[in-house]
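The structure under discussion appears below in the form of structure tokens.
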Amino acid sequence: RGLSPRAGLALQHAAQAWALMHERDHVQPEDVQAVALAVMGHRLASSDGLAGDGLARAQDVLRTVPVR
């Protein structure tokens with residue numbers, strides 16, 4: 001299974017909050033990276049009921065997808 005559109009929105013909102021906490025009114029790729037593991041790990045674990053597996057899958061995605 002993959003991430004749902006709802007997970008994408010959660011990632012977007014978390015990145016926006018992260019940027020705001022760092023006194024910026026825009027999101028940078030580093031903001032997404034900072035929160036992605038927590039958001040994706042949670043959403044993937046929720047989809048299959050395996051917290052450790054969701055975290056490992058999220059780490060794989062972050063390791064393999066280039067930041068532009």
Side-chain angles (χ1 to χ4, degrees):
R1 292 183 189 182
L3 294 169
S4 68
R6 196 168 165 188
L9 290 173
L11 181 57
Q12 175 186 351
H13 293 155
Q16 288 171 329
W18 186 267
L20 184 62
M21 288 188 317
H22 289 88
E23 301 178 353
R24 280 184 273 105
D25 61 355
H26 62 281
V27 174
Q28 298 176 342
E30 295 80 18
D31 300 323
V32 177
Q33 287 181 314
V35 299
L37 189 58
V39 173
M40 291 170 48
H42 169 74
R43 299 301 299 181
L44 289 171
S46 297
S47 71
D48 62 16
L50 302 171
D53 186 45
L55 187 60
R57 288 169 41 195
Q59 288 171 327
D60 287 342
V61 169
L62 290 176
R63 234 186 338 264
T64 59
V65 176
V67 176
R68 294 183 185 190

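Keep in mind that what you see is a predicted model, and the values were worked out from it rather than measured. Along the sequence shown, the residues carry numbers beginning at 1.
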Separation between NE2 of His26 and CG of Leu20, rounded to the nearest 0.5 Å: 12.0 Å
Linked, directly or transitively: Met21 and Val32 (ILVMFWY side chains, under 4.5 Å): yes
Spacing of Asp31 atom CG and His22 atom NE2 [to the nearest 0.5 Å]: 7.5 Å
Linked, directly or transitively: Val39 and Trp18 (ILVMFWY side chains, under 4.5 Å): yes
Between CD on residue Glu30 and CZ on residue Arg24, distance to nearest 0.5 Å: 8.0 Å
Heavy-atom pair of closest approach, residues Leu62 and Ala36: CD2-CB, 3.6 Å
Hydrophobic cluster membership, Val27 vs Val35, 4.5 Å side-chain cutoff: yes
